[in-house]
Amino acid sequence: MAHFKKKSANTKQEVPTSAMPDIVFMLLIFFMVTTVLREVTLQVRVDFTKGENIEKIEQKRLVSYVYIGPKKLTGNQIGDTMVQIDDALVEDIKSIRRLMYDKLIEQPKLIVSLRVDQSAEMGLVTDVKQELREAGTLRINYSTKREVK
Amino acid sequence: MLLKKKEREAAEIPSSSLADIAFLLLIFFLVTTTIDVDTGIGLVLPPPPDPTVPPPPIKEKNMLKLLVNSQGLILVNEKPAALAEVKELVIGFIDNKGTDPTLSDSPDKAIISLKTDKQTPYRIYIDVLDEVKGAYADLRDKASMARFGVKFDKLGEGPQKEVKEMYPQKISEAEPDKGN
């Protein structure tokens, strides 16, 4: 009599894991490259305006931010409209010229993103813009969020 | 001659924990990454004016004057207009091509001048700028549909440049008045 033996039981059922570190490293490198580790603590309130015809800034590394909005005070109160660049409030508008010029030397393709609170008035924004012109940082971007309808 | 043969054990760095370390780093970068893209309305400012060079002459009719006053009211060529009308007016002005003698000669000569007061709310200014940008986007879409059969943002780099040359965005922000 022919004897049939069941064959299937002796194969090893394992997922090969030798390539796992490579895959993980690849992901790791992707996230390392895309991460921008720059965060500022906002000292002014910035409530974005909404717009429809907006464009994306692809290269985040070229962007330098200027925040304009009412100063945050203790106890949820807000004060006068101020300008913040990096981590400090700018007391003298005229000093923006030198600040931005230094940034432009470091990054010649600088884009200045103006993050302006929607309650701000154009007077201050125009003053800042004039300073940016003097500094030579001509590419600007008014930060707006996409309008949801 | 004496040849000593020595079986050496291969020196190895233990690599079993490599994956764990990589995972740890990966998780750190995953958490700290912000994927949200910055969006906004892009503009290029004009360089600071040279006092020795007089400004180039511009024909009055080639310039559409948009004025937003301190109450957020909009004047288009000295006539009051609602925000919703701005886009149509801007499109009519740019795409005039000589039909109306009071409006622009050709799209590449048309200049939009946007002027604001000191007390103009920023929100209204952005709304108006958005409408002007929208007018240009519509015109460019139309032009690229007529010429290439696809929308402007679906075009390649070369044709996109061509359409941009047909409708160059010339948005001028007037020099702020001195003294007030």
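Letters go in sequence order (proteins before strands), and every chain restarts at 1. All figures in this text were calculated on a predicted structure; none of them were measured in a lab.
The number of heavy atoms from other shown groups lying within 6.0 Å of NZ (Lys71(A)) does not exceed 12. Within 6.0 Å of NZ in Lys170(B) there are more than 12 heavy atoms belonging to other residues, nucleotides or ligands. Asp87(A) CG: more than 12 foreign heavy atoms inside a 6.0 Å radius. No more than 12 heavy atoms of other residues, nucleotides or ligands shown are found within 6.0 angstrom of NZ on Lys142(B).
Within residues 88-111 of chain A, no residue has any heavy atom closer than 4.5 Å to a heavy atom of chain B.
Heavy atoms closer than 4.5 Å to chain B are found in both the backbone and the side chain of Val116(A). If you measure heavy-atom distances from Thr49(A) to chain B, the contacts under 4.5 Å come from the side chain alone. For Ile21(B), no part sits under 4.5 Å from any heavy atom of chain A, backbone or side chain. Contact of Thr137(A) with chain B is made through the backbone alone, with heavy-atom distances under 4.5 Å. Looking at Asp127(B), the atoms closer than 4.5 Å to chain A (heavy atoms on both sides) all sit in the side chain, from C-beta outward. With a 4.5 angstrom heavy-atom cutoff, Ala22(B) touches chain A via backbone and side-chain atoms both.
Clustering ILVMFWY residues whenever any of their side-chain heavy atoms sit less than 4.5 angstrom apart, transitively, puts Val44(A) in a cluster other than the one holding Leu73(A). Under a hydrophobic clustering in which Ile, Leu, Val, Met, Phe, Trp and Tyr are joined whenever their side-chain heavy atoms come within less than 4.5 Å, directly or via other members, Val86(B) and Leu67(B) fall into different clusters. Put simply, Tyr65(A) and Leu42(A) are part of the same group of oily side chains (I, L, V, M, F, W, Y) that touch within less than 4.5 Å, one to the next. A single hydrophobic cluster is seen to contain both Leu18(B) and Phe30(A), as judged by linkage of ILVMFWY side chains at heavy-atom distances under 4.5 Å, directly or through other members. Grouping the Ile, Leu, Val, Met, Phe, Trp and Tyr side chains by contacts below 4.5 angstrom, directly or via other members, places Phe28(B) with Phe31(A).
Using a 4.5 Å heavy-atom cutoff, the side chains of Tyr122(B) and Asp117(A) are not in contact. With contacts defined as side-chain heavy-atom distances shorter than 4.5 Å, the pair Leu45(B)/Leu132(A) qualifies. At a threshold of 4.5 Å between non-hydrogen side-chain atoms, the residues Thr144(A) and Ile126(B) count as touching.
Among the candidates Met20(A), Arg115(A), Lys129(A), the residue making the largest number of heavy-atom pairs closer than 4.5 Å to chain B is Lys129(A). Taking Ala137(B), Gly42(B), Pro121(B), Ala19(B) one by one and counting their heavy-atom pairs under 4.5 Å with chain A, the maximum is reached by Gly42(B). Of the listed residues (Val24(A), Ile23(A), Leu27(A)), the one with the most heavy-atom contacts under 4.5 Å to chain B is Val24(A).
Taking both residues in full, the closest heavy atoms of Val44(B) and Arg139(A) are given as CG2-CG, 4.4 Å, listed atom of the first, atom of the second, then distance. Of all heavy-atom pairs between Asp130(B) and Gly51(A), the closest is OD2-CA, 3.3 Å.
Tyr136(B) is linked by a ring pair (Phe, Tyr, Trp, His ring centres under 6.0 Å) to nothing, counting only residues two or more places apart in sequence or in another chain.
The distance between the ring centers of Tyr125(B) and Tyr142(A) falls below 6.0 angstrom.
Taking CE of Met122(A) as the start and OG1 of Thr116(B) as the end, the distance is 4.0 Å to the nearest 0.5 Å. To the nearest 0.5 Å, atom CG of residue Leu26(B) and atom CZ of residue Phe25(A) are 10.0 Å apart. The distance from the NZ atom of Lys118(B) to the OG1 atom of Thr126(A) is 7.5 Å, given to the nearest 0.5 Å. Interatomic distance, OG1 of Thr39(B) versus NZ of Lys145(A), reported as 4.5 Å (0.5 Å rounding). Here the CZ-NZ distance, from Arg123(B) to Lys50(A), works out to 10.5 Å after rounding to the nearest 0.5 Å.
Looking at Ile29(A), Leu28(A), Val33(A) one by one, the single match for side-chain contact (heavy atoms from CB on, under 4.5 Å) with Phe29(B) turns out to be Leu28(A).
A side-chain donor-acceptor contact under 3.5 Å links Arg133(A) to the backbone of Pro47(B).
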